[in-house]
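Written out below as structure tokens is the structure these notes cover.
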Amino acid sequence: LERYVETPRHIELQVFGDQQGNVIHLNERECSVQRRYQKIIEESPSPFVTAALRQRMGEAAVTAARALDYVGAGTVEFIVGPDGSYYFMEMNTRLQVEHPVTEAVLALDLVEWQLRVAAGEALPLAQDQIRGHGHAIEARLYAEDPDAGFLPGSGRLERLELPHSQPGMRVDAGVDQGDEVTVFYDPMIAKLIAYGGDREQARLRLLNAIDHSLVAGPKSNLDFLSRLLRHPRFVDAEIDTGYLDRSLDEVLGAPQAIGPLGLTAAALRALLEEEQAAAVRHHGDDRHSPWQIADGW
């Protein structure tokens, strides 16, 4: 039997241990914005967690890691009820996708910490030296089609413009313009991480960055992320692990018809591709002559 928690939040604690037996936690991450229990948006600190709850959950996470003589980076994940009760879910014995939000609010490099601990060094900081400042939110940019049940996409990235130089923004990307998104790996294109003095500033920075990004080639969830960051429940931090699945129709919105400009651009591209193909076939002939178009017309 497993306890059933209505409208639970997914809140996780970053822990770190060294070979000298020191174990600390690096505060929490809120990962409740999920679709079918897959994380989409992560943030730190959690807008739900109080200082007292953070201390209790942190002590529980450290106790779990210490019981294992744990060395390195790990994440202790909890299900948290609306009343603040929390229950152990699992421990991920690695550095996770969402670790940049922790790095942003603590001004730390957790990969450097991993290397130092692996080399036998002690943890650089003690628990009472861990102090967070500001707020960070991360969004996962995927090659997928939200209007087709979030079907994973593949293909060549004809255009990829990401907000590398915007203030308060960090971009972790695994592909560049011209690369292929293949069917053999996870279709994630990049992680967009915004940092601000508070949650609203971080949200607006991330929203602005997404609205000024461009993915051409495979379909992406850019528009979906933009609508999600504007959704009233997310703005007010009234979220739980099932909220997005319940509100999916509101976030998806009505399918947008392609306007005259888009149709004209598509037709022009098709004609140019035909012309280019004809030039390859006929070399020195007059490729602009309609008699050179061997399309069966």
With a 4.0 Å cut-off on N to O distance, would you call D109 and R116 a salt bridge? no

Quick one: closest heavy-atom pair of I40 and F224, and the distance? CD1-CE2, 4.1 Å

Around atom CG of L268, are there more than 12 heavy atoms of other residues, nucleotides or ligands at under 6.0 Å? yes

Is there a donor in the side chain of Q201 and an acceptor in the side chain of H135, or the other way round, less than 3.5 Å apart? no

Nearest-0.5 Å distance that lies between atom CD in Q20 and atom CG in L123: 8.0 Å

For R170 and E103, what are the C-alpha separation, side-chain angles and deciding distance, and is it a salt bridge (charged side-chain N to carboxylate O under 4.0 Å, His left out)? CA-CA 11 Å; R170 166 177 167 177; E103 292 186 328; 2.7 Å; yes

How far does CZ of R246 sit from OG1 of T7, to the nearest 0.5 angstrom? 7.0 Å

Of R29, R140, Q96, which is the lone residue that meets side-chain hydrogen bond (donor to acceptor under 3.5 Å, both in side chains) with E42? R140

Determine yes or no for a side-chain-to-main-chain donor-acceptor pair under 3.5 angstrom, with S247 supplying the side chain and E250 the backbone. no

Does atom NZ (K219) have a neighbourhood of more than 12 heavy atoms from anything else shown, all under 6.0 Å? no

Taking the side chain from N92 and the backbone from L95, do they hold a donor-acceptor pair closer than 3.5 Å? no

Salt bridge (charged side-chain N to carboxylate O under 4.0 Å, His left out) with E28: of R56, R54, R9, only one passes, and it is R54

Against the six-membered ring of F234, is R199 placed for a cation-pi contact (under 6.0 Å from the centre, within 45° of the normal)? yes

If we ignore hydrogens and angles and just use 3.5 Å, is the side chain of K191 paired with the main-chain N or O of E138 as donor and acceptor? no

Give a yes or no on whether the backbone of A126 and the side-chain of Q129 come within a donor-acceptor separation of less than 3.5 Å. yes

The side chain to side chain contact (heavy atoms under 4.5 Å, CB included) partner of Y142 among V215, I189, D186 is D186

Please give me the minimum heavy-atom distance between I24 and V62, naming the atom from each residue. C-CG2, 3.8 Å

Would you please say whether a donor-acceptor pair under 3.5 Å links the side chains of E180 and T182? no

Donor-acceptor check, side chain of R205 to backbone of M169, threshold 3.5 angstrom: yes or no? no

Going by atom types only, do Q14 and H99 share a side-chain donor-acceptor pair under 3.5 Å? no

Donor-acceptor pair, side chain of E98 and main chain of I137, under 3.5 angstrom: no

Atom CG in D223, atom CG in L228: separation rounded to 0.5 Å? 12.5 Å

With hydrophobic residues grouped by side-chain heavy-atom distances under 4.5 Å, do Y87 and V80 end up in a single group? no

